[in-house]
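In listed order, ligands and their atoms are each counted from 1.
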Amino acid sequence: MHQKKRLGVLTSGGDSPGMNAAVRSVVRSAIAQGIDVFAIYEGYQGMVEGGQCDLENPRRVAPDAEACIRQLHWYDVAGILHKGGTIIGTARSAQFRTREGRLQAVRNLLAHDIDGLVAIGGDGSLTGAHLFRREWPELVAELLERGEIDTEVAERHRHLTIVGLAASIDNDMYGSDMTIGTDTALHRLTEAVDSISSTAASHQRTFVVEVMGRHCGYLALMGALATGADWVLIPECPPEGDCWEEKMCQVLQAGRESGRRDTIVIVAEGAKDRHGNPISCEYVRQVLEEKLGEDARVTILGHVQRGGSPTAFDRNLSTLLGHAAVQAFQTATPETESVLIGMRGNRVYQAPLMHCVEQTHAVSQAIADGDYAKAMDLRGENFKNAYQILHTLMQAKPSTPAHHDLKPLRFAILNCGATAPGMNTAVRAAVRLAIDKGHTMLGVEHGFRGLIEGHIKELNWLSVRGWATTGGSELGTSRKIPQSKDFYAIARQIERYDINGLLIIGGWSGYQAAYQLYSQCETFPAFNIPILCIPASINNNLPGCELSIGADTALNNIIEAVDKIKQSAVASNRCFLVKVMGRYCGYLAVMSGLATGAERVYINEEGVALTDLQKDLATLITGFKQGKRVGLIICNENAHPVYDSDFICDLFAEEGKEVFQVREAILGHLQQGGDPTPFDRIQATRFSAIGLNFLIEQAQRPSPTGAFMGTEAGNVRFIDLGMIPRMVDKEHQRPKEQWWMETAAIGKILAHTAPTTQR
Ligand code: ATP
């Protein structure tokens, strides 16, 4: 008789936000594929303790409610997507580190007939999982020899499949660009440092802030970049020389003299000097007090960084990885190595688990050996570049001319289109990095309108102070796209201000405007300068770019609002229809739907048919009749010209009125506002740094080109402006290819209703 496969899922080690989303995704993806899923409560400790189950006849005995291994059903994981921590508990288990403990764990898994495990945790947990799988055949043979299991059980369980998901707020795992929980920790850290900065500025104080990261400086480095901090200390790159304290004090002192009111030093908890001596916050504080007479305070952020509701990124990352983990379990054979499912270049990526663990340990080893160049190399290019960029941006003033490029150039920078959080961050980075290389940066106010009218002024190092963290557009923006009558005026301004290159940070209208100039460069020789568009739009509707600046902030704005809306509706038999921005692009709708567990997402790309509405209505009515208490539908603002959100609300309210109520929530411009998320700040800084190098390089050429910046599999690329018409659906103002469409299908599987067997 064919029996269903059985999969165990556990969370282990330190908890991290997003673990619940991963558990939900594993459970529902597995059930949708006909697999029975068991939660192993309290990590490996629960696996050792097991539960009430008959080893002789596992499928006939129901585990008791206190058992550490229990089957999970579809609705057991409802309502957990937005919760921090892990509902199935986690622990550090000393017993599992012993052979006897692991033998007991095998007994317990066999008692539940479990064929594979999805282990969600840090490198320790994943190492344990890998060793367990390697030892498994030997432990099963021992139980057979002892007569505790029969040959049929031993034969059926000759191998254990292991799939690992890296969950750690430190982002220290090789094999995944981001680990589950890191983005949320970065949010907590950034919020805290932003808050500290305002009080520091009021009192002209210095704060030394300790952040998590024993062997990994990711949180400290990216947190410093995102908050515009003044100094950072990380384990991978201890400060150079024996007098690093002097150097730090000089830079901070120069900052004060230039008028900076707040000073923030970020210290990773594992920071060390070049001799391997730990650098504590208290030590840094004393140095600042003694050498600078600073009124310095220490703040240790501690477990605040681990807690709270996961961000949109962490929810979606966990969901996609959890889904892929079940696929990996399904396709595994006895010969398949244990794998880690991670994210590389914005795509789900699978790699041998042990290789990832070994590479992860190699960084810690390099740090312990004092081989810091190797440690930085192992962290990767983005990490190294971020460190370099941060060191330039932290300076109180530009570096000395000796380091400058030969020919000083003059660039103009402008924002275009609707504001996107992160625009200011991008401008600040471009201005400072350009000035540091000896070039001049001219700020154009209010986009192309300002360029036509000549509202142009030189920006200096201090004029962009504080722009790293603020939303909106300090330069001012507009949707103006130049027409034929404007070209002459633009050409005149370019000549008048001797502009050698144009940097446009904006959305759809910025791209259209750049294309206009590009198309006219034969008629107007002044337009023969490098023109570069850096993607900044909350809609994420720009060609060639996977994630534009501002989209992450908008997504988080949406999910925060939707979480509150859902909470308000609990116990009221209400279905909310939330209308989100995006114009004709469904990115925000699909991703916010995935992150909030919406039952249905309507987007223009898929259209809305009357038959869909009837089906969805019937599903809602059935759901509410069966005890559902709250419904959630997300609708893109232009999902359908006739069946729009008002229509759908009226239809569902009328037809469902006996069973549930309907409310519409139009989120409007709150989606566009607020300070940029850490991701948007980091992305904006990175794009500006790379974009600026492109402009400088092009400006030295006899025939420079115009381009827009994109990313493919996470790597930055430059695409000729002439490609725009071929890459976009002009009528719907979106790219012809949208990578995220495939995730819409996963959202549908996880958030719809339970299969009939689970109701
Ligand atoms: P974090 O990154 O938060 O520290 P982690 O998964 O690395 O998470 P650890 O405490 O290192 O946390 O590991 C969690 C558990 O995994 C341990 O308590 C232990 O039960 C198991 N484990 C770790 N390493 C091994 C090992 N080498 N052999 C067997 N089990 C292990």
Rounded to the nearest 0.5 Å, how far does CG of Leu321 lie from CG of Leu165? 5.5 Å
Residue from Leu109, Asp115, Val37 passing side chain to side chain contact (heavy atoms under 4.5 Å, CB included) with Arg6: Asp115
Phe679 vs Asn556 side-chain heavy atoms within contact, under 4.5 Å: no
Counterpart residues, side-chain contact (heavy atoms from CB on, under 4.5 Å), relative to Lys564 (two or more places apart): none
Under the ring pair (Phe, Tyr, Trp, His ring centres under 6.0 Å) rule, what pairs show up with a residue in residues 141-167, not counting sequence neighbours? none
Please list all pairs passing the ring pair (Phe, Tyr, Trp, His ring centres under 6.0 Å) test where one or both residues lie in residues 342-377, with sequence neighbours left out. Tyr174-His355
Are there any protein N or O atoms under 3.5 Å from the N or O atoms of ligand 1? List them with distances, or say none.
{"unit_1": "ligand 1", "atom_1": "3 (O)", "unit_2": "Gly14", "atom_2": "N", "d": "3.0"}
{"unit_1": "ligand 1", "atom_1": "4 (O)", "unit_2": "Arg92", "atom_2": "NH1", "d": "3.1"}
{"unit_1": "ligand 1", "atom_1": "6 (O)", "unit_2": "Gly122", "atom_2": "N", "d": "3.0"}
{"unit_1": "ligand 1", "atom_1": "6 (O)", "unit_2": "Gly122", "atom_2": "O", "d": "3.4"}
{"unit_1": "ligand 1", "atom_1": "6 (O)", "unit_2": "Ser125", "atom_2": "N", "d": "2.9"}
{"unit_1": "ligand 1", "atom_1": "6 (O)", "unit_2": "Ser125", "atom_2": "OG", "d": "2.4"}
{"unit_1": "ligand 1", "atom_1": "7 (O)", "unit_2": "Asp123", "atom_2": "OD1", "d": "3.2"}
{"unit_1": "ligand 1", "atom_1": "7 (O)", "unit_2": "Gly124", "atom_2": "N", "d": "2.8"}
{"unit_1": "ligand 1", "atom_1": "10 (O)", "unit_2": "Arg92", "atom_2": "NH1", "d": "2.7"}
{"unit_1": "ligand 1", "atom_1": "12 (O)", "unit_2": "Arg92", "atom_2": "NH1", "d": "2.9"}
{"unit_1": "ligand 1", "atom_1": "18 (O)", "unit_2": "Ser93", "atom_2": "N", "d": "2.7"}
{"unit_1": "ligand 1", "atom_1": "20 (O)", "unit_2": "Ser93", "atom_2": "N", "d": "3.4"}
{"unit_1": "ligand 1", "atom_1": "20 (O)", "unit_2": "Ser93", "atom_2": "O", "d": "2.8"}
{"unit_1": "ligand 1", "atom_1": "24 (N)", "unit_2": "Gly124", "atom_2": "O", "d": "3.2"}

